[in-house]
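What you see is a predicted model; the values in this text were computed from it and never measured. Note that the numbering runs from 1 along the sequence shown for the chain.
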Amino acid sequence: MHSEFPALLGAGLILIAIFYLGFLSLKIKVPGVILYILLGIVLAGELGGNELLHFASEIGIVLLFFLLGLEFNVKRLGGIAKKIWPSGLLDLLLSLGITTGIALLFNLDLFSSFLIGGIAYATSSSITAKLLDDRGRMANIETEYILGILIFEDLAAPIVVAILFGVSSGETFTTVSFLAITGKIIGLTLAAIILGKTVFKKVETLLDRIADEDFKIALLTGIALSYGGLALYLGLSEVLGAFLAGMMLAEIGKIEKVEQTVFPIRDLMLPTFFVYFGTTIDLGNGVPMAGLLVTVLVWSVIAKLLVGILGGPLYGLPKRASLRAGLSICSRGEFSVVIAGVATGVFKAFSGLYILIAAFIGMVLFEQAPKIVTKVYGKPQKKKKNLKVPGT
């Protein structure tokens, strides 16, 4: 008999718990992300510092950003940027910039303030996209704008993570360190573009010649982990490296071949990332920095509303659709969790509480968006058809 609890048994029980919570999330219509984090908080005593769980979570988040990068080849990035950049920069200023300023007013240092700004910045792509689909709003006039904002944030968030990761070792946040990190990011990005336009153009032919899916999994996962690992080696975030690895492969003709191979592994591993994040949250000392938490939560909602109300018209949306868009992008989720991974101690607990509360608030506002718009602007007037009278 083994007195020590087998790691294999623990891993199996966690996967079963993830299955149950995923099933439960569909029934009660609460994002699985929230339930996974809560599971991690509950099991923090047993799973805190578990290396196997940590490694699985790293693979999950790397593959998430790898698949995200597959959606953005260089040409598409340029097309999106032309149309969404004014609203995207407004979002960056309001959600990241002003939130950082609010944290500074609470006497936090620049790095900690920027960290909180980063956590409050990005809307949850997974929660928002799922709600749009579940509620039948994909065909709405504002949906293209919402997806454009999500894409802009998807591009900016990995850079924010890389900057935070690069200075999280305790070094002073100086102009020199910022320029050094920026230089590494530019270098890694240029290398990805060059490799994508040259070497990885031939990957599609190679994938067609490989009949066995096992070899494809090894190749594609290896590419994602290797470029993510290279980013770590350079003192950046594996998230940025994985995103750029996806961009490299986005240059091939049919990315569906890559996605179909990698999706199952990502779907298996990604929930462990949120569980592991939950195990790092210590709520034993109560609500940390309660005043700042409430202030940031309130401003987070206001900022996204302004992104809709002010940014929507810049994109060409009418007032009703602009407000509905703002009410629909208040959820925070996976990007906030990734950025919060840099936090320690009281900031980790602060981040966990913020993400959970912001996700719930965002879901409620999304559900109530049509009713709120109707209360503000009244019921939409139906256009009257001009009836031609015979003989006139």
Side-chain angles (χ1 to χ4, degrees), residues 31 33-34 37-38 41 87-124 127-128 149-150 153 156-157 160-161 163-164 167-168 173 277-278 280-311 323 325-369 372 376:
V33 170
I34 296 173
I37 294 173
L38 290 174
I41 292 173
S87 304
L89 289 178
L90 175 67
D91 182 24
L92 192 68
L93 172 64
L94 294 173
S95 299
L96 175 61
I98 293 184
T99 305
T100 300
I102 290 171
L104 286 170
L105 293 176
F106 277 79
N107 297 318
L108 297 183
D109 60 78
L110 181 58
F111 173 76
S112 299
S113 299
F114 188 63
L115 172 66
I116 290 173
I119 291 166
Y121 169 50
T123 301
S124 171
I127 293 174
T128 305
I149 287 292
L150 294 179
E153 291 177 348
V160 173
V161 174
I163 293 170
L164 285 166
V167 298
S168 62
F173 193 76
F277 175 74
T280 65
I281 299 172
D282 181 11
L283 301 177
N285 296 320
V287 180
M289 300 181 287
L292 177 60
L293 179 62
V294 172
T295 305
V296 171
L297 280 167
V298 172
W299 173 250
S300 295
V301 174
I302 294 172
K304 294 301 183 185
L305 285 176
L306 291 174
V307 171
I309 294 168
L310 301 179
L323 177 57
L327 290 164
S328 302
I329 57 174
C330 295
S331 291
R332 304 306 196 276
E334 62 277 10
F335 278 116
S336 299
V337 173
V338 172
I339 293 170
V342 179
T344 56
V346 67
F347 292 105
K348 181 75 78 174
F350 176 95
S351 304
L353 278 173
Y354 170 81
I355 293 165
L356 289 172
I357 297 170
F360 275 116
I361 292 173
M363 287 174 54
V364 172
L365 289 175
F366 187 100
E367 295 283 358
Q368 298 299 316
I372 294 172
V376 173

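Summarising the geometry, atom CD1 belonging to I149 is positioned 9.0 Å from atom OG belonging to S95; distances are rounded to the nearest 0.5 Å. Distance check, rounded to the nearest 0.5 Å: OG1 of T100 to CG of L93 gives 10.0 Å. To the nearest 0.5 angstrom, S328 atom OG is 9.0 Å from L323 atom CG. Note that OG of S124 is 12.0 Å distant from CD1 of I329, once rounded to the nearest 0.5 Å. Going from atom CD1 of I357 over to atom CD1 of I34 covers 11.0 Å, rounded to the nearest 0.5 Å.
You'll find the side chain of L356 reaches within 4.5 Å of the side chain of L38, heavy atoms only. Contact of the F347 side chain with the V342 side chain is not registered, since no non-hydrogen atoms from C-beta on lie closer than 4.5 Å. Using a 4.5 Å heavy-atom cutoff, the side chains of W299 and T99 are in contact. For the pair T123 and E153, the minimum side-chain heavy-atom distance is below 4.5 Å. Under the 4.5 Å side-chain criterion, counting only non-hydrogen atoms from C-beta, V364 is not in contact with E367. Residues L305 and V301 meet the side-chain proximity criterion, which asks for heavy atoms closer than 4.5 Å. Using a 4.5 Å cut-off on side-chain heavy atoms (C-beta onward), D91 and K304 make contact. At least one side-chain heavy atom of L297 sits under 4.5 Å from a side-chain heavy atom of L293.
For the pair A343 and S351, the tightest heavy-atom approach, listed with the atom from each and the gap, is CB-OG, 4.1 Å. For the residue pair G118 and V160, the shortest heavy atom distance occurs at CA-CG1, 4.2 Å. The two residues L96 and G117 make their nearest non-hydrogen contact at CD1-C, 3.2 Å. Closest of all the heavy-atom pairs between C330 and L365 is SG-CD1, 3.8 Å. Of all heavy-atom pairs between L94 and A303, the closest is CD1-O, 3.8 Å. For the pair L292 and A103, the tightest heavy-atom approach, listed with the atom from each and the gap, is CD1-CA, 4.1 Å.
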As a quick check of understanding, evaluate side chain to side chain contact (heavy atoms under 4.5 Å, CB included) for I37 and I41, giving each step before the final call. CA-CA 6 Å; I37 294 173; I41 292 173; 4.2 Å; yes

Would you check, one step at a time, whether the test side chain to side chain contact (heavy atoms under 4.5 Å, CB included) holds for Y121 with I339? CA-CA 10 Å; Y121 169 50; I339 293 170; 5.6 Å; no

What's the verdict on side chain to side chain contact (heavy atoms under 4.5 Å, CB included) for I116 and Y354, showing C-alpha distance, side-chain angles and the deciding distance? CA-CA 10 Å; I116 290 173; Y354 170 81; over 6 Å; no

Could you walk me through whether T295 and L105 satisfy the side chain to side chain contact (heavy atoms under 4.5 Å, CB included) test, starting with their C-alpha distance in whole Å, then the side-chain angles of each, then the deciding distance to 0.1 Å, before giving a yes or no? CA-CA 11 Å; T295 305; L105 293 176; over 6 Å; no

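Of the possible donor and acceptor atoms, one in the side chain of R332 sits under 3.5 Å from a partner among the backbone N and O of A120.
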